[in-house]
There are 2 protein chains.
Amino acid sequence: MATTELTVTISDAEWRVMRIVWTLKEADSRTIIDLLEQQHDWKPATIKTLIGRLVKKGALATTKNGRQFIYTPLIDEQSAMDTALITELNQMCAMHRGTSLAHVLDQLELSHDDVENLIDVLQKKLPTAPTMVDCDCLPEGCERSC
Amino acid sequence: MATTELTVTISDAEWRVMRIVWTLKEADSRTIIDLLEQQHDWKPATIKTLIGRLVKKGALATTKNGRQFIYTPLIDEQSAMDTALITELNQMCAMHRGTSLAHVLDQLELSHDDVENLIDVLQKKLPTAPTMVDCDCLPEGCERSC
DNA sequence: AAATTGAGTTTACATCCGTAAACGTAAGAA
DNA sequence: TTCTTACGTTTACGGATGTAAACTCAATTT
């Protein structure tokens, strides 16, 4: 059985590295360092540390290529994004999630196709949507003064 | 001028405390500790630490009430939620945000009213939505192989 | 072959966070 | 008034994170 790294946690700084590798599909450290030095004022050593941690965490795979390595993602970008968002939302009051998402959707730049897709997803939910979602901030059986 | 604490960062564990206070509008430590001991297996000391940190951070205000304090939120719940989500999204590839939100909306439990409201927000965006949102994972001027 | 370069590894260190015990002190009980 | 309770504060400590210098070698250059 494999190491089943389905629960890799990626920190903010590490996320920047992953985005490069996700976008390029694969990259050597030189490429990653060059690109990130342009975006942030990180020293090469800092970026090396981040790459090293991501490899140790099982977020990046390495393939020997002569003297250096080629790094490839071991976790899926879309899944990582989905998980991060869901995790964040799950930590918030269930009753207020809808409003927050409305604010987010309002402020975010989305493509025409995305907007249509989102409307579609929501339309499908309408029939089965409950009248209201209860606040889950207090333990079971407590007064809800939301 | 006041201390302008508009950028208070709340950690995961602290978020649990804030949810209690947000929901109750105000609470003394006894109440907070009792409620959180039911939800988590945190020792009272742990919860005291979290409360203390939130006060120091400027997320909670204190009002003397005889021997103890009454804690009230100094930051708005909905704003905190919005900011947390937007911050999270801003750290992800712009091109993939739409898809991720679709997954989130699909999985999340939302009230009928929320769904309608969300559809409304999206419908208003449709006319001005761009054909596509570019990937912003690489520095300006790089190839985009997304 | 010797010197140099550079990729990956090790070490460093301050801060934040989760988790919690210990303590000081004022209020309430005896 | 003295003892006790309990609230808020101080101290603690390991792990994660941001940030980065130093070091080890193997490959490349001279």
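As the structure is a computational prediction, the values presented were derived from the model and not from experiment. Chain A is the first sequence line, chain B the second, and so forth, proteins listed ahead of strands; every chain is numbered from 1.
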Between CZ of A/Arg30 and C1' of C/dG6 the distance, given in whole Å, is 8 Å
Span of DNA chain D engaged by chain A, first through last nucleotide within the 4.0 Å heavy-atom cut-off, is D/dT17 to D/dT28
### Task
Quick one: pull up CD in B/Glu26 and CG in B/Leu60 and give me the separation to the nearest 0.5 Å.
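Rounded to the nearest 0.5 Å, the CD-CG separation comes out at 12.0 Å.
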> Should the pair B/Phe69 and B/Tyr71 be assigned to parallel (<30°), tilted (30 to 60°) or perpendicular (>60°) ring geometry?
Replying inline: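 Geometry flag for B/Tyr71 against B/Phe69: perpendicular rings.
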When you compare the side chain of [Y] with that of [X], does any pair of heavy atoms fall below 4.5 Å?
{"X": "A/Val121", "Y": "B/Leu101", "result": "no"}
{"X": "B/Trp15", "Y": "B/Met81", "result": "yes"}
{"X": "A/Asp28", "Y": "A/Thr31", "result": "yes"}

| said: I'd like to know whether A/Ile75 forms a side chain to side chain contact (heavy atoms under 4.5 Å, CB included) with A/Trp22, so could you lay out the CA-CA distance, the side-chain angles of the two residues, the decisive distance to 0.1 Å, and finally the verdict. | reply: CA-CA 9 Å; A/Ile75 61 182; A/Trp22 276 325; 3.9 Å; yes
Per-nt protein contacts along nucleotides 24-30 of chain C (heavy atom under 4.0 Å; B base, S backbone sugar-phosphate only, - none) come out as ---SS--
Protein-proximity profile, nucleotides 11-22 of chain C, B/S/- by nucleotide at the 4.0 Å heavy-atom cutoff, equals -B----SBBBB-
* Let me see the working for A/Arg97 and A/Asn90 under side chain to side chain contact (heavy atoms under 4.5 Å, CB included), right down to the final yes or no. => CA-CA 9 Å; A/Arg97 286 176 200 155; A/Asn90 275 337; 4.0 Å; yes
Closest heavy-atom pair, B/Ala59 versus B/Met18, reported as atoms and distance to 0.1 Å, is O-CE, 3.5 Å
